Each structure stands twice: as structure tokens, then as C-alpha cells.
Amino acid sequence: MRDITLVRLNADSPHVATVSSWTYAEWGHLHPGSTAESYREAFRRECGDGGVPSVFVAMAGHRPVGTAALMAEDMDSRRELTPWLASVFVLPEWRGRGIAARLIRRVEEEAADSGFSQFYLYTPDQQGLYRRLGWQDHEALSYRGEEVTIMLRSLEA
């Protein structure tokens with residue numbers, strides 16, 4: 001397998017359209033009224049220079065194969081919780097190789113380097129993956145028609 005590198009995505013990257021199309025296909029239904037174009041523009045705004053917000057991409061050579069983001073907000077009903085690990089996605093044919101875990105660790109590092117002692121995520125079905133990586137259940141709730149778990153990750157040593 002070719003080496004996978006993790007890079008920070010910037011708003012001008014030629015990969016923004018590809019990566020935002022993955023996240024729109026996966027989670028666009030949670031944002032009623034959004035279109036692929038409006039989602040891409042919102043995604044582009046999340047491509048910060050460091051800290052919150054930041055988007056990271058796993059690259060196999062010149063091809064993006066996965067992504068994860070650090071965002072100020074990912075759940076409008078829990079605005080008091082910040083920041084968030086969001087949009088963790090790996091192309092199906094690249095799954096099972098530890099890419100998601102590497103992306104998650106990179107976002108954790110970014111959050112810690114930005115001075116956060118903890119941060120959050122929500123997931124309907126990947127609790128096991130996150131628990132293995134040190135995340136703890138915080139709250140179970142229904143969000144936009146899905147049963148999800150908000151999880152918490154302490155970044156303190």
C-alpha cells in the first residue's frame with residue numbers, strides 16, 4: 001500500500017469539491033435545505049489555517065481518500081459544547097487500514113495544540129470505534145431524526 005499522508009485542506013485546494021461531495025452525500029440529509037453547492041461553500045469556510053476550524057485530508061499520493069475536521073459547532077441543539085470532531089469519512093475501499101484513527105488523532109492533536117482540554121463528536125453508529133480511541137459517551141439523544149451519541153474526549157494528560 002502506498003503511504004498515506006495527512007494534510008491540512010485549504011479553501012483554495014482543488015480537493016475541496018471532492019471532499020465536500022463525500023460529506024454532503026454522507027450527511028447532507030441532516031442539513032435540510034442545503035444543496036451540494038451550498039454545502040461546498042460552507043465546507044470551504046471550515047478550511048481554516050489552524051485551530052478551529054480545520055479540515056484534514058488523508059492522501060494516497062495525489063488522491064484524497066479520507067477526511068476529518070475540527071469545528072466550533074456541529075450540533076445546533078448543543079451550541080454550548082465546543083469544539084467538535086466532525087466529518088470523519090474514509091472512502092469505502094480504503095477502510096480497515098487505520099486511516100480514520102490517524103485522522104481522528106490528528107484532529108485531537110489540533111484541538112490540544114489550540115488549548116482545548118476536551119472536545120466532542122456525535123455519531124449514530126460508530127461508538128465502538130471512538131470508544132477504542134479513548135472517547136467516552138456523554139449523552140444519547142435524537143438529532144434531526146437520528147438516534148445519536150454525543151461523545152467526549154479529554155485531552156488532558
Side-chain angles (χ1 to χ4, degrees), residues 1-32 34-75 82-114 116 118-137 143-144 146-155:
M1 179 176 103
R2 291 178 290 186
D3 287 343
I4 299 295
T5 57
L6 302 184
V7 299
R8 182 185 307 277
L9 195 66
N10 65 52
D12 298 326
S13 170
H15 302 302
V16 165
T18 299
V19 176
S20 69
S21 73
W22 300 339
T23 59
Y24 180 71
E26 195 75 12
W27 300 292
H29 67 281
L30 296 173
H31 305 278
S34 67
T35 64
E37 184 176 326
S38 68
Y39 204 89
R40 182 175 54 251
E41 289 310 308
F43 183 88
R44 184 173 273 120
R45 288 190 296 274
E46 297 297 334
C47 294
D49 295 329
V52 178
S54 291
V55 176
F56 297 95
V57 177
M59 300 290 295
H62 297 289
R63 178 182 178 209
V65 298
T67 189
L70 177 62
M71 300 171 56
E73 174 186 323
D74 196 31
M75 184 176 273
T82 193
W84 293 79
L85 168 64
S87 303
V88 177
F89 178 83
V90 175
L91 289 173
E93 63 269 26
W94 288 86
R95 293 178 185 165
R97 303 179 196 199
I99 296 170
R102 286 188 57 202
L103 284 160
I104 293 163
R105 292 290 186 231
R106 179 62 185 93
V107 174
E108 290 173 356
E109 178 183 296
E110 191 74 14
D113 289 351
S114 298
F116 294 100
Q118 63 186 27
F119 73 130
Y120 302 87
L121 66 80
Y122 76 91
T123 182
D125 59 358
Q126 294 298 316
Q127 295 86 342
L129 166 67
Y130 294 111
R131 288 177 189 133
R132 286 191 301 276
L133 294 174
W135 291 76
Q136 299 175 347
D137 292 25
Y143 182 64
R144 296 187 177 176
E146 285 190 331
E147 297 304 310
V148 301
T149 303
I150 296 177
M151 302 185 81
L152 167 70
R153 176 79 164 112
S154 174
L155 299 171

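All of these numbers come straight from a predicted model, not from anything done at the bench.
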When you measure from the side chain of Ser13 to the backbone of Asn10, do you find a donor-acceptor pair of N or O atoms at a distance under 3.5 Å? no
Using atom types as modelled and distance alone, determine if a side-chain donor or acceptor of Arg44 lies under 3.5 Å from a backbone N or O of Val16. no
Are more than 12 heavy atoms, taken from residues, nucleotides or ligands other than Asp125, located less than 6.0 Å from that residue's CG atom? yes
Output all residues satisfying ring pair (Phe, Tyr, Trp, His ring centres under 6.0 Å) with Phe116, sequence neighbours left out; order by chain, then residue number. none
Determine the minimum heavy-atom distance between Cys47 and Ala11, stating which atoms define it. CB-N, 3.5 Å
Could you work out, with salt bridge (Lys or Arg N to Asp or Glu O under 4.0 Å) as the rule, every residue matching Asp137, not counting sequence neighbours? Arg131
Among residues at least two apart in sequence or on other chains, which ones pass salt bridge (Lys or Arg N to Asp or Glu O under 4.0 Å) with Arg40? none
Enter the distance from Ser87:OG to Leu121:CG here, rounded to the nearest 0.5 Å. 11.5 Å
Results of salt bridge (Lys or Arg N to Asp or Glu O under 4.0 Å) for Glu26 - residues two or more places apart only: none
To check you understand the geometry: which heavy-atom pair defines the closest contact between Leu103 and Gly66, and what is its length? CD1-C, 3.7 Å
Polar side-chain atom of Tyr24 near backbone of Ser34 as donor-acceptor pair, under 3.5 Å: yes
All ring pair (Phe, Tyr, Trp, His ring centres under 6.0 Å) counterparts of Trp22, not counting sequence neighbours: Phe89
With sequence neighbours left out, write down each residue that passes ring pair (Phe, Tyr, Trp, His ring centres under 6.0 Å) with Phe56, or none if nothing qualifies. none
Please enumerate all residues that pass side chain to side chain donor-acceptor pair (under 3.5 Å) together with Ser38, with sequence neighbours excluded. Thr35
Measuring only between side-chain heavy atoms, which start at C-beta, is Arg63 closer than 4.5 Å to Leu91? yes
Between CD of Glu41 and OH of Tyr39, what distance do you get to the nearest 0.5 Å? 13.5 Å
Taking only residues two or more places apart in sequence, or in another chain, which ones meet Glu73 in a salt bridge (Lys or Arg N to Asp or Glu O under 4.0 Å)? Arg79
Can you name the nearest heavy-atom pair linking Ala112 to Leu155, along with the distance? N-CD1, 3.7 Å
side-chain contact (heavy atoms from CB on, under 4.5 Å) for Asp74 and Tyr122? Distances and angles first, verdict last. CA-CA 8 Å; Asp74 196 31; Tyr122 76 91; 3.3 Å; yes
Partners of Phe119 by ring pair (Phe, Tyr, Trp, His ring centres under 6.0 Å), sequence neighbours excluded? Trp135
Check: residues 147-154 side-chain donor-acceptor pairs under 3.5 Å, at least two apart:
unit_1	atom_1	unit_2	atom_2	d
Glu147	OE2	Ser142	OG	3.3
Thr149	OG1	Gln127	NE2	2.9
Arg153	NE	Glu108	OE2	3.1

Report the residue from Leu70, Thr67, Thr23, Val107 that forms a side chain to side chain contact (heavy atoms under 4.5 Å, CB included) with Val55. Thr67
Here the gap from Phe43 atom CZ to Leu9 atom CG, rounded to the nearest 0.5 Å, amounts to 5.5 Å
Distance from Asp113 atom CG to Glu109 atom CD, nearest 0.5 Å? 5.5 Å
Taking every non-hydrogen atom, the tightest pair across Ser54 and Gly50: OG-C, 3.5 Å
What closest approach, in Å, do Met71 and Ala86 show between heavy atoms, and which atom pair accounts for it? SD-CB, 3.4 Å
Met59 side chain reached by His15 side chain, heavy atoms, under 4.5 Å: yes
Taking the side chain as every heavy atom from C-beta outward, state whether Leu6 and Val57 have any pair of such atoms under 4.5 Å apart. no
Show the numbers, then the answer: is there a side-chain contact (heavy atoms from CB on, under 4.5 Å) between Arg105 and Leu133? CA-CA 9 Å; Arg105 292 290 186 231; Leu133 294 174; 3.5 Å; yes
Show the nearest heavy-atom pair for residues Gln126 and Tyr130, with the distance to one decimal. O-CD1, 3.1 Å
Over 12 foreign heavy atoms within 6.0 Å of CD, Glu146: yes
Sorted by chain and residue number, the side chain to side chain donor-acceptor pair (under 3.5 Å) partners of Arg102 (sequence neighbours excluded) come out as none
Pairs satisfying salt bridge (charged side-chain N to carboxylate O under 4.0 Å, His left out), at least one member in residues 7-22, at least two apart: Arg8-Glu110
Verdict with reasoning, Trp84 to Val52, per side-chain contact (heavy atoms from CB on, under 4.5 Å): CA-CA 9 Å; Trp84 293 79; Val52 178; over 6 Å; no
